[in-house]
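Inspection log for the structure reproduced underneath, given as structure tokens.
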Amino acid sequence: MSTVIRVGIVGATGRTGKSVVDGLLASETNFDIIALSRPSSIDSAANGALKSRGISVVAADLTGPKENLVKVLAGIDVIVSCIVYSSVLDQIPLAEAAKQAGVKRFVPCNFSTSAPRGVARMHDEKHDVIAAIQRLYLPYTVVDVGWWSEQAVPALASGRTDYAVVKPMNVLPGDGTVPIAYTDSPDIGTYVAKIIADPRTLNKKVFAYTEVLTTNQVDELMEELSGEKAIRTHLSADDINTELASLRSAVKKDPADSSAKFSLLLIEYINTWGLRGDNTPESAKYLGYLDFKELYPGVSGKTMRSIFQEVLAGKGKA
């Protein structure tokens with residue numbers, strides 16, 4: 001019988017967390033999954049659904065007494081954090097407790113685009129978490145997955161894709177020629193299952209992605225499959241830089257302005273993957289990431305073509 005890897009998942013009922021749960025359950029590796037839930041949500045229907053799949057659900061207060069959290073984490077081999085974006089820094093006390101509990105690998109909640117420090121506030125917070133982990137000498141693995149493929153669906157005049165279009169992201173940045181790495185969110189778990197069982201990825205960053213396309217190529221694909229013109233809002237480099245400056249000023253003036261903070265998060269993402277070109281395998285490799293495709297050449301995810309075919313058939317993700 002293969003060795004069992006006990007995995008604790010924070011945020012197991014969210015979209016990324018669900019993908020990780022599904023990927024671990026489907027893996028050939030023997031994973032024992034523990035969902036770490038907020039005490040206030042322990043009896044939720046979502047947690048009930050996890051229990052029905054044989055997953056243990058335990059209460060864990062990330063900002064509560066550390067000794068209690070250490071007890072909860074005792075015996076867990078790997079922590080995979082899929083925490084909500086607004087609580088990213090709560091991973092620091094989680095990491096501290098994981099160190100004391102003897103956790104063998106900590107996977108912080110990255111699961112997004114690669115980018116250097118100083119480009120986006122969200123990325124900087126994630127860099128702060130990684131730095132805190134490294135100060136503890138806690139074993140870790142960082143996993144980034146590029147931009148989610150389902151957020152690249154463009155609008156069409158017929159409205160056939162409207163239910164699947166993420167309107168704030170339905171933009172054409174610059175001239176649309178910047179390459180962007182994409183992953184369909186359900187494939188994140190498949191990739192994570194491979195990575196966290198592999199000793200080669202310990203204390204490393206891994207860039208896991210399915211394909212690389214420019215925005216123009218994405219639109220051409222939709223036009224080929226639909227027979228219609230893809231519709232996006234064009235944002236020039238000047239538009240993006242003006243919006244960045246305005247929102248950064250607003251957040252600096254009022255750090256509690258949640259609307260400005262969220263709008264800034266979105267435009268910083270568009271800037272990093274749509275203009276700067278941070279979200280490519282080449283940029284990730286420069287930043288020190290291992291390339292998932294080189295580690296696992298036989299593993300592949302759902303392509304943009306398949307996703308668009310499902311969307312046009314009315315079977316896409318809303």
Side-chain angles (χ1 to χ4, degrees), residues 85-86 88 109-128 144-157 161-162 164-185 207 209-223 229-287 289 304 307-308:
Y85 77 93
S86 56
V88 163
C109 188
N110 278 50
F111 304 119
S112 184
T113 58
S114 63
R117 184 180 284 277
V119 172
R121 288 166 57 93
M122 179 55 63
H123 286 78
D124 286 353
E125 288 191 357
K126 292 178 178 181
H127 282 295
D128 289 342
D144 271 314
V145 297
W147 197 241
W148 288 8
S149 304
E150 57 263 41
Q151 297 200 3
V153 177
L156 299 173
T161 62
D162 283 357
V165 173
V166 181
K167 291 183 179 179
M169 295 291 106
N170 186 33
V171 298
L172 175 64
D175 62 5
T177 61
V178 174
I180 302 165
Y182 288 105
T183 295
D184 190 32
S185 61
F207 194 59
Y209 61 99
T210 297
E211 60 190 329
V212 179
L213 298 165
T214 68
T215 304
N216 289 344
Q217 289 172 327
V218 170
D219 288 354
E220 288 165 5
L221 177 60
M222 178 58 82
E223 290 168 1
K229 183 72 175 175
I231 300 171
R232 294 190 189 271
T233 300
H234 178 248
L235 294 178
S236 68
D238 286 344
D239 292 334
I240 292 171
N241 288 322
T242 298
E243 187 74 0
L244 281 170
S246 174
L247 287 168
R248 284 171 176 164
S249 176
V251 171
K252 184 176 181 180
K253 182 177 180 180
D254 181 6
D257 186 340
S258 58
S259 176
K261 286 167 67 176
F262 186 70
S263 296
L264 178 58
L265 181 150
L266 297 182
I267 198 66
E268 284 182 332
Y269 267 121
I270 291 168
N271 178 54
T272 183
W273 55 249
L275 280 188
R276 285 178 46 86
D278 295 311
N279 183 41
T280 67
E282 295 77 15
S283 295
K285 187 167 286 190
Y286 171 82
L287 293 172
Y289 288 78
M304 196 73 75
I307 292 166
F308 283 3

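Not one N or O on the side chain of Ser246 forms a donor-acceptor pair closer than 3.5 Å with the backbone of Thr242.
The shortest side-chain heavy-atom distance between Asn170 and Pro154 falls under the 4.5 Å cut-off. Between Thr272 and Met122 there is no side-chain heavy-atom pair separated by less than 4.5 Å. Side-chain contact between Tyr209 and Asn279 is absent, with no heavy atoms from C-beta onward closer than 4.5 Å. For the pair Asn216 and Leu172, the minimum side-chain heavy-atom distance is below 4.5 Å. Under the 4.5 Å side-chain criterion, counting only non-hydrogen atoms from C-beta, Met222 is in contact with Thr161. Put simply, the side chain of Glu282 does not reach to within 4.5 Å of the side chain of Pro179, judged on heavy atoms. No side-chain heavy atom of Val178 sits under 4.5 Å from any side-chain heavy atom of Thr215. A heavy-atom distance below 4.5 Å is found between the side chains of Glu150 and Asp184.
The pair Arg121-Asp128 does not meet the salt-bridge criterion, since no charged nitrogen lies less than 4.0 angstrom from a carboxylate oxygen.
Here the shortest heavy-atom pairing between Phe207 and Pro281 reads CE2-N, 3.7 Å. Nearest heavy atoms, Arg276 versus Pro116: NH2-CG, 3.7 Å. Contact between Ala115 and His127 at its shortest, heavy atoms only, is O-NE2, 3.1 Å. Residue Ile270 comes nearest to Pro173 through the heavy atom pair CG2-CG, 4.0 Å, listed as atom of the first residue, atom of the second, then distance. Nearest approach of Ser112 to Lys126, heavy atoms of both residues: CB-NZ, 3.8 Å. A pairwise comparison of heavy atoms in Val171 and Arg232 identifies O-CD, 3.3 Å as the closest pair.
By the 30° and 60° cut-offs, the orientation of the rings of Tyr85 relative to Phe262 is tilted.
To the nearest 0.5 Å, atoms CD1 (Ile180) and CE (Met304) are separated by 8.5 Å. The CG atom of Asn271 lies 11.5 Å from the CD atom of Glu243; values are rounded to the nearest 0.5 Å. Rounding to the nearest 0.5 Å gives a distance of 7.5 Å between CG of Asp278 and CG of Leu287. Atoms CG and OG1, on Asp219 and Thr214 in that order, are 8.5 Å from each other to the nearest 0.5 Å. Once rounded to the nearest 0.5 Å, the distance linking CG of Leu247 with NZ of Lys261 reads 13.0 Å. The CD atom of Glu125 sits 11.5 Å away from atom SG of Cys109, with the distance rounded to the nearest 0.5 Å.
When only modelled atom types and interatomic distance are considered, Thr113 and His123 share a side-chain donor-acceptor pair under 3.5 Å. Side-chain polar atoms of Ser114 and Asp144 form no donor-acceptor pair below 3.5 angstrom. When only modelled atom types and interatomic distance are considered, Thr177 and Asp175 share a side-chain donor-acceptor pair under 3.5 Å.
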| Do Asn241 and Leu244 pass the side chain to side chain contact (heavy atoms under 4.5 Å, CB included) test, and can you show the C-alpha distance, the side-chain angles, and the key distance before you say yes or no? | CA-CA 5 Å; Asn241 288 322; Leu244 281 170; 3.9 Å; yes
| task | May I have the step-by-step check of side chain to side chain contact (heavy atoms under 4.5 Å, CB included) for Val218 and Tyr182, ending in yes or no? | result | CA-CA 11 Å; Val218 170; Tyr182 288 105; 4.0 Å; yes
